[in-house]
Amino acid sequence: MILHHPSPINKIPSGVKANFKTAFKAALLVLLMFLFIYITGCGGSAITNEHTLQYIKIMPQTAEVRAGGKLNFAAVGIDQNGDELIISPVWECHEGKIDSAGIYLAPSSKTLDRISAFVGAKSGTSLISVTASSEASTIEIIPQLKYIAAGTTQQFQAQGRNSSGEIVPVAVTWECKAGKITQSGLYTAPIRAVENEAVSVKTLSVTSVMPFAINAAPPYKIFISPKTTSIKVSSGIKFDFSAYDIYGNAVTIFPTYSAKKGRIDNNGYYTSPAAAGTDEVQVIYNFIKDTTSIEILP
């Protein structure tokens with residue numbers, strides 16, 4: 001006798017079996033829809049993790065820097081969504097210099113420069129205004145003189161110029177060798193002649209020197225010698241002179257001689273007249289004069 005064991009599924013009521021089949025079909029449909037959406041999204045443009053560089057932004061976009069100064073630049077990439085991307089651009093400029101880190105060295109003169117950053121075919125630019133340097137590279141002493149009279153004063157000024165030749169403010173220290181000078185540039189010459197005097201002006205980085213000579217002051221007194229003398233008629237004698245400034249320094253001058261009766265040249269050689277009597281000889285220079293008397297003997 002053969003016994004038949006009933007299948008376990010046959011033990012499930014028919015109503016339950018129908019519900020199970022319906023649920024299974026519904027779950028399978030949801031799974032198929034999810035796979036379709038996922039495949040469609042990955043293959044299209046609506047859902048993506050790709051970043052495409054659209055343009056490069058340089059910071060700062062505009063700037064001002066002194067001639068010879070430094071400025072740091074940075075660059076970021078911007079993708080199609082407006083998000084920032086980390087980039088390593090190639091830097092380029094036209095007037096100054098810029099290294100691979102974006103550190104810019106301005107040229108030494110006033111100009112307008114352009115900074116560029118490149119990543120492949122994409123680039124960004126920035127405009128830089130290079131202004132004149134405020135630091136003096138040269139100093140001029142004004143006025144330029146070769147001679148100054150002993151004991152006199154002279155006001156000097158210092159004029160600074162930058163590397164572009166433009167006048168810039170400058171704070172200086174004044175010095176001189178033989179005379180005296182204040183820190184406002186007022187110079188007082190010594191009372192004696194000096195051949196190798198010089199005024200100098202200094203900043204922390206620049207020095208300018210102006211050499212000149214101290215001449216003796218203008219003559220103040222002239223003395224003729226001999227002061228009195230006697231000579232015979234139709235004979236000769238030589239007169240000399242000495243000149244001094246107001247400080248007592250001997251000065252060199254070329255005066256004029258004159259005589260009332262006899263003859264005298266500008267070297268001081270005097271010839272008496274043929275008749276006995278008296279005469280007067282005078283030496284004069286710029287309205288400064290001295291006189292001697294002569295007795296003419298027979």
Checklist entry - Do Phe73 and Ile128 touch side chain to side chain, with heavy atoms closer than 4.5 Å? => result yes

Item to check | With sequence neighbours excluded, residues passing side chain to side chain contact (heavy atoms under 4.5 Å, CB included) with Thr52 | outcome: Gln54, Gln80

Item to check | Donor on one side chain, acceptor on other, Glu197 and Tyr147, under 3.5 Å | outcome: no

Checklist entry - Who passes salt bridge (charged side-chain N to carboxylate O under 4.0 Å, His left out) against Glu280, sequence neighbours left out? => result Lys260

Item to check | Aromatic contact, Tyr285 with Tyr257 (centres under 6.0 Å) | outcome: no

Checklist entry - Would you call Lys202-Glu175 a salt bridge at under 4.0 Å N-O? => result yes

Which pairs of donor and acceptor atoms, one on a side chain in residues 235-249, lie under 3.5 Å apart (sequence neighbours left out)?
from	atom 1	to	atom 2	distance (Å)
Ser235	OG	Lys232	N	3.3
Ser235	OG	Lys232	O	2.4
Lys238	NZ	Asp240	OD1	2.7
Lys238	NZ	Asn267	O	3.1
Asp245	OD1	Tyr247	N	2.8
Asp245	OD1	Gly248	N	2.9
Asp245	OD1	Asn249	N	2.7
Asp245	OD2	Ala217	N	3.4
Asp245	OD2	Asn249	ND2	3.0
Tyr247	OH	Gly151	O	3.4
Asn249	OD1	Arg192	NH1	2.7
Asn249	ND2	Ile191	O	2.2

Checklist outcome for this item: Across all chains, not counting sequence neighbours, the salt bridge (charged side-chain N to carboxylate O under 4.0 Å, His left out) partners of Lys227 are Asp290

Item to check | Test item: Ile78 and Ile56 side chains (from C-beta on) under 4.5 Å apart, heavy atoms | outcome: no

Next on the checklist: With a 4.5 Å cut-off on side-chain heavy atoms, are Met59 and Val76 touching?
Outcome noted: yes

Item to check | Set of salt bridge (charged side-chain N to carboxylate O under 4.0 Å, His left out) partners for Glu295, sequence neighbours left out | outcome: none

Checklist outcome for this item: Ser205 meets the side-chain hydrogen bond (donor to acceptor under 3.5 Å, both in side chains) criterion, sequence neighbours left out, with Glu135

Next on the checklist: If we count only N and O atoms by modelled type, under 3.5 Å, do the side chains of Asp113 and Tyr104 hold a donor and an acceptor together?
Outcome noted: yes

Next on the checklist: Closer than 3.5 angstrom, by distance alone: can the side chain of Thr62 be matched with the main-chain N or O of Leu127 as a donor-acceptor pair?
Outcome noted: no

Checklist entry - Below 4.5 Å, heavy atoms only, C-beta onward: do Thr152 and Ile148 meet side chain to side chain? => result yes

